[in-house]
Amino acid sequence: LATGPRQSNGTFYEIRTYEVKPVKMKEFLEMVNKYLHFRTAHSELVGFWYSELGVMNKVFHIWKYDNFAHRTAVRHAIANDKDWQEKLTSVLLPMIEKQHNEVAYLVPWCQLGKPPKEGGVYEWVTFQMKPGGPALWGEAFRAAINAHINTGYTKLIGVFHTEYGLLNTVHVLWWNESPDHRAAGRHSAHEDARVVAAVRDSVRFLESQQNALLIPLQCSPLK
């Protein structure tokens, strides 16, 4: 029942989340930073982060593909890449407890952004919306996002709507200078009548929400 407009081209994003064994998290991140270049030789990495607050021992990474044929070709190539398989995949898999992937499109009114500078922290917010897709909740959701943008305390990086995975899910990626800067901005936003009105309108379509504070890895293009 997820219906409505999306980006007009075939470009999509694969969002992969791994739950890592707590005792292996440090080693996992070290290995990714050291060897991920074998994987990025095959396709474009948007960003790679680990969770600091909200969920623990979890990593998030986003990959960009031109279309599904492109992804199929990349998956075939990495399956035959001995450096990737031997130096990283075979080492990391025993450290991972769970893997999950989703295919998502940017919503039609959003282009993938970049932070104004390196450093800072990212916030990953997952909204489970009522069935119906952007045709039902798109305008109200956009108004709520824009209301937060207009306060000036945060930078929008991307709004992703799932195509595969749990449907009617929207992931919003924000950048903030620091957790304290984000906290102060949120406090001010909650006292802004325009933000309050926009959020109250959009929550009519909301089933649940989950937030995570993310730290980018050294190898992440988005830092």
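Note that the numbering runs from 1 along the sequence shown for the chain. All heavy atoms count here, side chains included; hydrogens, waters and symmetry mates do not.
Remark: Arg39 is positioned above the aromatic ring of Trp63, its terminal NZ or CZ atom under 6.0 angstrom from the ring centre and at most 45 degrees off the axis.
Heavy-atom neighbours of His37 NE2 from other residues, nucleotides or ligands within 6.0 Å: above the threshold of 12. Few gaps surround CD on Glu97; more than 12 heavy atoms of other groups in view lie less than 6.0 Å from it. Around the CZ atom of Arg194, the shell of radius 6.0 Å holds no more than 12 heavy atoms that belong to other residues, nucleotides or ligands. Residue-environment remark: NE2 (His190) exceeds the threshold of 12 foreign heavy atoms within 6.0 Å. Atom CD of Glu139 has 12 or fewer heavy atoms from other residues, nucleotides or ligands within 6.0 Å.
A side-chain donor-acceptor contact under 3.5 Å links Gln209 and Asn211. A donor atom on one side chain and an acceptor atom on the other are not found under 3.5 Å apart for His61 and Glu14. With hydrogens and angles left out, the side-chain atoms of Gln128 and Thr169 include a donor and acceptor closer than 3.5 Å. In summary, the side chains of His171 and Thr126 do present a donor paired with an acceptor at a separation below 3.5 Å, with no hydrogens or angles considered.
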Q | Thr162/Glu102 under side-chain hydrogen bond (donor to acceptor under 3.5 Å, both in side chains): CA gap, chis, key distance, verdict | A | CA-CA 7 Å; Thr162 56; Glu102 297 171 293; 5.2 Å; no
Q: Could you walk me through whether Ser202 and Trp137 pass the side-chain hydrogen bond (donor to acceptor under 3.5 Å, both in side chains) test, one step at a time?
A: CA-CA 7 Å; Ser202 68; Trp137 45 257; over 6 Å; no
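You'll find the ring centres of His181 and Trp175 outside the 6.0 Å limit. Taking the six-membered ring where the residue is Trp, the centroids of Phe160 and Tyr13 are separated by under 6.0 Å. Taking the six-membered ring wherever Trp is involved, the centroid distance between the rings of Phe127 and Phe141 falls below 6.0 Å.
Side-chain atoms of Val32 and Phe48, non-hydrogen and from C-beta on, do get closer than 4.5 Å to each other. Between Thr151 and Ser188 there is no side-chain heavy-atom pair separated by less than 4.5 Å. Tyr122 is listed as a side-chain neighbour of Pro216, based on a closest heavy-atom distance under 4.5 Å.
Using a 4.0 Å cut-off between charged side-chain N and carboxylate O, Lys26 and Glu30 make a salt bridge. Look at Glu123 and Arg182 and you find a salt bridge, because one of the NZ, NE, NH1 or NH2 atoms lies within 4.0 Å of a carboxylate O, short of that distance.
Using modelled atom types, one side-chain atom of Lys130 and one backbone atom of Arg204 make a donor-acceptor pair closer than 3.5 Å. Judged by distance alone, the side chain of Asp81 and the main-chain N or O of Ala77 form no donor-acceptor pair under 3.5 Å. Under the 3.5 Å distance criterion, the side-chain polar atoms of Ser178 are left unmatched by any main-chain donor or acceptor of Gly120. Side chain of Lys64 to main chain of Leu45: no donor-acceptor pair is present (N/O by atom type, distance under 3.5 Å, no hydrogens or angles). Formation of a donor-acceptor pair under 3.5 Å by the Asp201 side chain with backbone atoms of Ala197 is not found in this model. Remark: side-chain polar atoms of Asn101 are not paired, donor with acceptor, to backbone N or O of Arg16 under 3.5 angstrom. The backbone N or O of Glu19 lies less than 3.5 Å from no partner atom in the side chain of Asn57, so there is not a single donor-acceptor pair.
Checked against Phe12 for a side-chain contact (heavy atoms from CB on, under 4.5 Å), the options Arg71, His70, Glu163 give a single hit: Arg71.
Side-chain heavy atoms closer than 4.5 Å link hydrophobic residues (I, L, V, M, F, W, Y) into clusters, and following such links, even through other members, never connects Val195 to Tyr153. Note: the hydrophobic cluster containing Val91 also contains Phe38 (ILVMFWY, side chain heavy atoms under 4.5 Å, direct or indirect links). At a threshold of 4.5 Å between side-chain heavy atoms, the hydrophobic network of Ile, Leu, Val, Met, Phe, Trp and Tyr places Leu213 and Met56 in two separate groups.
Ring pair Tyr164/Phe68 is perpendicular by interplanar angle, where above 60° counts as perpendicular and below 30° as parallel.
If you take NZ on Lys58 and CG on Leu214, they are separated by 10.0 Å, rounding to the nearest 0.5 Å.
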